[in-house]
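Structure record follows, encoded as structure tokens.
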Number of protein chains: 2
Amino acid sequence: MTTKTERTARAHSSADIEPAARGRKRDHSRDADILDAALDVLAEVGAAGITMDLVAERAGAGKATIYRRWTSKAELVIDAVAHIERMQVDIEHLPDTGTLRGDLLALFRPEAMEASTRRLKIMSALASLLSADQALAEAGSAVIVKPWADAHFALMQRAVTRGEVSARADITTLSQVVPSMAAYRTLVQRKPFTLEFLLSMIDGVIMPALRICGARQPKKSDRSQT
Amino acid sequence: MTTKTERTARAHSSADIEPAARGRKRDHSRDADILDAALDVLAEVGAAGITMDLVAERAGAGKATIYRRWTSKAELVIDAVAHIERMQVDIEHLPDTGTLRGDLLALFRPEAMEASTRRLKIMSALASLLSADQALAEAGSAVIVKPWADAHFALMQRAVTRGEVSARADITTLSQVVPSMAAYRTLVQRKPFTLEFLLSMIDGVIMPALRICGARQPKKSDRSQT
DNA sequence: CAGTTCCGAGACCGTACAGTATCGTTAATT
DNA sequence: AATTAACGATACTGTACGGTCTCGGAACTG
């Protein structure tokens with residue numbers, strides 16, 4: 001599932017033994033170019049319209065070059081999806097504002113979500129593929145939603161150890177609420193993911209469920225951010 | 001958009017004048033059979049995999065019969081979507097068990113879940129076709145998820161007027177949690193919608209958020225209700 | 001019955017596309 | 001410079017599918 005998909009997979013003979021390595025070397029940075037081109041095409045024509053010819057043309061590559069690196073269109077698309085830049089949630093450097101609510105809000109990066117229409121369109125295109133292909137569903141879910149849910153879980157767990165939240169809270173389920181609903185909203189409803197939406201999730205669902213008081217009267221300053 | 005798409009459209013000569021109506025009459029109930037078959041195929045193989053041959057085979061019809069009724073595959077699919085049965089959550093006859101938790105659980109109908117899963121699959125299959133059309137995407141989502149959310153909203157509102165739930169609870173947002181997460185789970189994660197999942201939603205999110213105590217120790221009698 | 005019309009089955013055609021094979025070019029290595 | 005592998009371009013093949021056409025049979029009308 002991780003990138004390579006059997007690189008050097010042309011089943012041939014000699015190449016495996018690396019015969020003194022003369023001549024040109026395969027340029028691995030071209031992989032990224034081709035994957036980017038695939039994502040571009042995906043965003044432009046949708047999942048149904050993507051063809052290898054389009055990808056090759058967009059990448060300025062020959063089809064043979066693509067097939068030298070991936071065995072099929074399906075594998076290329078799967079790799080391309082896995083190649084989407086991770087949701088900028090660095091699990092190592094989570095925000096630490098002192099309160100869970102502040103931490104959760106600090107995860108919100110307007111530019112990360114709405115900056116590129118491209119990613120949104122890719123996700124839209126993905127929505128249809130997700131139902132047709134189990135491997136893609138897992139790849140898409142792993143890239144788009146899981147890191148986010150993991151971040152929420154980590155933040156909630158920290159709030160528990162801090163004593164801010166009851167240890168009996170079902171943070172396993174609660175950590176999936178915002179990512180799931182955001183994915184649903186984006187992929188299916190195709191409405192934008194806004195701060196207002198995030199606030200209604202946090203203040204209407206998460207914080208009340210965690211029995212943290214004060215969430216019910218969000219500060220004016222928070223709302224005016226919208 | 002509604003069914004006919006130029007019935008009697010074989011562009012021929014005589015038929016237009018209805019010449020004393022002799023011979024066999026076109027069976028309009030077959031339209032519904034074909035549309036159902038189209039939805040079945042859509043749910044099974046997705047939007048990318050649907051072919052007229054599959055639809056014809058599933059409907060036990062000839063391709064020519066389908067093309068006598070619809071001018072193209074696109075029109076057939078559009079008509080099929082409009083043909084999706086509404087979610088049979090009868091907003092007029094909601095359950096009334098005396099507690100919100102009991103009401104929410106009573107909405108769970110294993111047999112209806114199957115139909116609901118089918119609708120969700122159709123919805124996700126449609127995503128690519130609807131990608132160009134925001135209005136259609138919303139309409140599709142409305143048919144499949146909104147009635148469910150409306151039912152939750154009505155049940156929660158009743159719990160508020162009954163005094164079971166604080167009037168300050170954000171039931172607008174909370175009523176969307178279960179339907180959205182169920183849709184996400186079915187569409188993207190492709191895991192089955194189970195009673196266990198529903199219980200973790202209700203007891204881990206909804207009830208805590210509504211500050212109804214006792215949700216943490218669900219009564220045995222509630223579980224056996226299913 | 002006889003006449004008419006719709007039906008299912010499936011042969012058929014044209015196009016579009018996945019995947020392969022070929023070829024002349026380019027660039028890294030020696 | 002000579003060698004050689006990877007490259008872009010593109011011609012080619014096989015197949016799948018949208019859409020049309022034909023045919024024998026069934027069902028309704030009178």
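Lettering follows sequence order; numbering is per chain, from 1.
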Would you list the protein and nucleotides 13-19 of chain C atom pairs, both N or O, that sit under 3.5 Å from each other?
residue	atom	partner	partner atom	Å
C:dA18	OP1	A:Ile50	O	3.4
C:dA18	OP1	A:Lys73	NZ	3.0
C:dA18	OP2	A:Met52	N	3.1
C:dG19	OP2	A:Tyr67	OH	3.1
C:dG19	OP2	A:Lys73	N	2.9
C:dG19	N7	A:Lys63	NZ	2.8
C:dG19	O6	A:Lys63	NZ	2.6

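Note on A:Ala56: nothing from the nucleic acid sits closer than 4.0 angstrom, heavy atoms only.
Side-chain contact of A:Thr71 with A:Glu75: a donor-acceptor pair under 3.5 Å is present, judged by distance alone. B:Thr51 and B:Asp53 are not linked by any side-chain donor-acceptor pair at a separation below 3.5 angstrom, with hydrogens and angles left out of the test.
Computed from coordinates, the B:Arg68 CZ to D:dT20 C1' distance equals 11 Å when rounded to whole Å. Between the P atom of D:dG8 and the CD1 atom of A:Ile66 lies a distance of 9 Å, rounded to the nearest Å. As a whole-Å value, the separation of B:Asp27 CG from D:dA26 P is 17 Å. Rounded to a whole Å, the CD1 atom of B:Ile34 is 14 Å from the P atom of C:dC6. Between B:His28 atom NE2 and C:dC6 atom P the separation is 10 Å, expressed in whole Å. The separation between A:Arg30 atom CZ and D:dC7 atom P is 8 Å, rounded to whole Å.
Between A:Thr65 and the phosphate of D:dG8, there is a side-chain N or O to OP1/OP2 separation shorter than 4.0 Å. Remark: B:Arg69 is in phosphate contact with C:dC7, judged by side-chain N or O atoms under 4.0 Å from OP1 or OP2. At least one side-chain nitrogen or oxygen of A:Arg26 sits closer than 4.0 Å to the OP1 or OP2 atom of D:dC7.
Heavy-atom contacts from other residues, nucleotides or ligands closer than 6.0 Å to CZ of A:Arg158 number more than 12.
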Residues 32-41 of chain B, side-chain donor-acceptor partners within the protein, below 3.5 Å, at least two apart:
residue	atom	partner	partner atom	Å
B:Asp40	OD1	B:Arg118	NE	3.0
B:Asp40	OD1	B:Arg118	NH2	3.0
B:Asp40	OD2	B:Arg58	NH1	3.4

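Here the shortest heavy-atom pairing between A:Arg26 and A:Arg69 reads CG-NH2, 3.6 Å.
Between A:Phe193 and A:Trp148, the two ring planes are perpendicular [angle over 60°; tilted spans 30° to 60°].
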